Amino acid sequence: ATEPVQNPAAAPESGTTAQRQPFHGIHQSGIVTPRPATGLVAAFDVTATSLDELERLFRLLNERIAFLMQGGEAPTADPGFPPPDSGILGPVIAPDNLTVTIALGASLFDERFGLGPLKPKHLQRMKRFRNDALDGALCHGDLLLQFCANTADTSIHALRDILKNAPDLLLLRWKQEGTVPVLKPKQGEPAESARNLLGFRDGTANPDAADTALMDHLVWVQSGPSEPDWAANGSYQVVRIIRNFVERWDRTPLGEQEAIMGREKASGAPFGGSHEYDEPIYANDPEGKRTRLDAHIRLANPRRPETEGSRMLRRPFNYSNGVTRAGQLDMGLLFICFQQDLERSFIAVQKRLDGEPLEEYIKPVGGGYFFALPGVPDGGSYLGAGLIRAARGIAPASTTPSPRKTGD
Ligand SMILES: C=CC1=C(C)c2cc3[nH]c(cc4nc(cc5[nH]c(cc1n2)c(C)c5CCC(=O)O)C(CCC(=O)O)=C4C)c(C)c3C=C
Ligand SMILES: [Fe+2]
């Protein structure tokens with residue numbers, strides 16, 4: 001056969017598969033990292049039965065994630081055996097901007113591994129809020145992996161690699177994939193926020209992730225008496241699968257949509273402003289004549305000194321899953337946010353949002369609360385080492401390479 005002049009099934013071209021995110025660092029990648037076009041969260045039950053096995057799981061995850069984020073030749077074996085790699089990315093694995101971020105659920109700190117006294121202070125099982133209709137099959141988990149990459153196949157490949165390498169240690173509980181629309185950058189203009197499936201720009205008022213002092217205040221757990229030592233430089237991660245009733249939304253007048261959100265739909269500007277990044281000003285609008293008092297953004301962030309600490313870093317994806325039994329589109333927001341204090345940020349904000357007019361159009365159906373591990377600074381250690389060492393009563397933070405088996 002000759003090669004076709006035009007083949008509609010040819011692989012889409014992209015010049016971006018060589019993009020790579022760092023694996024080593026004091027924080028994990030995938031938190032302040034700019035969102036690539038696709039994301040996937042997978043929650044697991046941990047089936048390890050001892051602390052030694054939990055250590056084996058963390059070391060294995062560390063090794064696989066370091067390899068997958070770096071990229072390289074896919075491992076091969078004698079054809080008499082199942083191939084060690086799924087092969088879905090071909091013989092050479094491109095990094096493709098992949099990040100894999102590990103977080104732990106409160107249930108991992110139950111009696112199984114003796115981790116109870118080491119539980120991050122605010123970590124808890126997600127409870128129902130008043131508008132939630134949580135499906136137990138889409139909630140919680142001992143361990144969460146968040147995959148982000150330029151293409152969805154890269155995350156699927158990474159998930160399959162980990163499943164294949166840890167069949168005795170992890171049981172998949174639920175997963176949700178999502179996307180963010182890709183925008184072409186405009187010369188000399190600030191990056192615009194991507195839109196969610198309600199057609200509004202989402203992410204505008206996020207705190208600046210390049211401001212390290214602000215991230216230390218809002219996102220990263222600091223060392224100190226209020227949290228276990230091992231948790232410093234980790235972050236509380238909230239995942240919520242929030243269905244959007246898009247057919248109903250698409251029949252709602254534009255003015256009503258904008259009043260509910262508190263921003264202009266086309267530009268993303270707050271009322272009284274003209275650009276997306278203009279600050280909403282509520283001081284001269286105490287009765288909510290311009291921005292309703294129950295508008296989503298005004299409840300989420302009233303911009304008062306006493307609510308400043310409830311800010312969070314949002315990193316959501318849009319999802320689209322198929323059709324409900326009632327013939328409606330099953331789509332919405334894979335809401336993800338990170339914060340230093342779960343109660344001070346997500347829980348406080350969600351309580352303020354309870355009863356908001358937007359609830360008529362949204363229904364949270366799944367998710368959970370997790371604690372994203374601190375990063376691994378270099379090759380001498382592994383993700384989760386601080387927790388394992390603390391569980392064994394070993395003093396934290398040795399920078400010298402630790403032997404495979406820590407019996408000291
Ligand atoms: C509890 C936290 C939040 C949930 C859950 C949530 C759901 C949710 N949000 C949108 C759409 C938008 N949210 C916007 C702003 C915004 N949202 C939250 C928190 C939650 N949202 C915060 C803290 C903020 C920032 C407020 C501020 O500082 O002004 C916006 C406006 C643009 C932006 O700043 O991102 C939109 C649009 C949907 C559709 C949704 C559930 C499906
Ligand atoms: Fe929001």
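Every value quoted in this text rests on a predicted model; they were computed, and no experiment measured them. Just follow the structure's listing: the first ligand is 1, and inside any ligand the first atom is 1. Computation of the quantities below employed the complete heavy-atom set of this structure, encompassing side-chain atoms and omitting hydrogens, waters and symmetry-equivalent molecules.
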Would you compute the distance between atom CG of Asp96 and atom CG of Asp153 and round it to the nearest 0.5 angstrom? 8.5 Å
To check your reading of the model: name the closest protein heavy atom to atom 1 (C) of ligand 1, its residue, and the distance in Å. Phe346 CE1, 3.3 Å
Side chain or backbone of Leu353 under 4.0 Å from ligand 1, or both, or neither, by non-hydrogen atoms? side chain
Minimum non-hydrogen distance to atom 22 (C) of ligand 1, winning option of Ala300, Ser345, Pro207, Pro280: Ala300
Where is the nearest protein heavy atom to atom 30 (C) of ligand 1: which residue, which atom, and how far? Ile297 CG2, 4.0 Å
With a cutoff of 4.0 Å, is Arg298 in contact with ligand 1, counting heavy atoms of the residue only? no
Which of these, Arg201, Arg263, Arg240, Gln350, has its nearest heavy atom closest to atom 5 (C) of ligand 1? Gln350
Given side chains that start at C-beta, do those of Arg298 and Asp285 come closer than 4.5 Å, heavy atoms only? yes
Quick one: does His296 get an N or O within less than 3.5 Å of an N or O on ligand 1? yes
Under 4.0 Å to a heavy atom of Asn301 - the qualifying atoms of ligand 1, by number: 26 (C), 27 (C), 28 (O)
Residue, atom and distance of the protein heavy atom nearest atom 2 (C) of ligand 1 read Phe335 CZ, 3.5 Å
Can you list the atoms of ligand 1 that are under 4.0 Å from a heavy atom of Arg303? 27 (C), 28 (O), 29 (O)
Closest to atom 11 (C) of ligand 1 among protein heavy atoms sits Met261 CE, 3.4 Å
Any carboxylate oxygen within less than 4.0 angstrom of a Lys/Arg side-chain nitrogen, looking at Arg392 and Asp52? yes
Can you report which non-hydrogen protein atom sits closest to atom 42 (C) of ligand 1, along with the distance? Asn244 ND2, 3.3 Å
Rounded to the nearest 0.5 Å, what's the gap from OH on Tyr382 to CG on Leu61? Could you check? 11.5 Å
For ligand 1, which atoms, with element, lie under 4.0 Å from some heavy atom of Val349? 1 (C), 2 (C)
For residues Pro280 and Phe271, determine if any side-chain heavy atom of one lies less than 4.5 Å from a side-chain heavy atom of the other. no
Compute whether any side-chain donor of one residue and acceptor of the other, for Ser235 and Gln339, lie under 3.5 angstrom apart. no
Within this structure, what is the CD-CD distance for the pair Gln28 and Gln146, rounded to the nearest 0.5 Å? 9.0 Å
Within the 4.0 Å heavy-atom shell around Ile362, which atoms of ligand 1 are there? 42 (C)
Is the shortest N/O to N/O distance between Thr204 and ligand 1 below 3.5 Å? yes
Any idea which protein heavy atom is nearest atom 35 (O) of ligand 1, and the distance to it? Gly203 N, 2.5 Å
Do any N/O atoms on Tyr282 end up under 3.5 angstrom from N/O atoms on ligand 1? no
Assess, by modelled atom type and distance only, whether the side chains of Gln19 and Asn150 contain a donor and an acceptor separated by less than 3.5 Å. yes
Which residue from Ser193, Ser310, Ala205 reaches closest to atom 34 (O) of ligand 1 through any of its heavy atoms? Ala205
Gly332 touching ligand 1 at heavy-atom level, < 4.0 angstrom: no
For a 4.5 angstrom cut-off between non-hydrogen side-chain atoms, does Arg344 reach Tyr236? no
Side-chain heavy-atom pair Phe200, Arg195 within 4.5 angstrom cut-off: no
Going through the distances and angles, do Arg315 and Thr33 end up as a side chain to side chain donor-acceptor pair (under 3.5 Å)? CA-CA 9 Å; Arg315 206 168 176 277; Thr33 312; 4.7 Å; no
Report yes if some heavy atom in the side chain of Trp174 is under 4.5 Å from a heavy atom in the side chain of Asp135; otherwise report no. no
Could you tell me, atom by atom, which parts of ligand 1 come under 4.0 Å of a heavy atom of Asn196? 11 (C), 37 (C), 39 (C)
So does Pro190 get a backbone contact from the side chain of Lys186, meaning a donor-acceptor N/O pair under 3.5 Å? no
Starting from atom 40 (C) of ligand 1, find the nearest protein heavy-atom neighbour and note its residue, name and distance. Leu333 CD2, 3.7 Å
Could you name the option among Lys363, Lys265, Arg314 that has the heavy atom nearest to atom 18 (C) of ligand 1? Arg314
Inter-residue atom distance Glu256.CD - Ile260.CD1, 0.5 Å rounding: 4.0 Å
Please check whether Leu198 reaches ligand 1 - meaning an N/O of the residue sits under 3.5 Å from an N/O of the ligand, judged on distance alone. no
Out of all atoms in ligand 1, which are within 4.0 Å of some heavy atom of Phe200? Include the element for each. 37 (C)
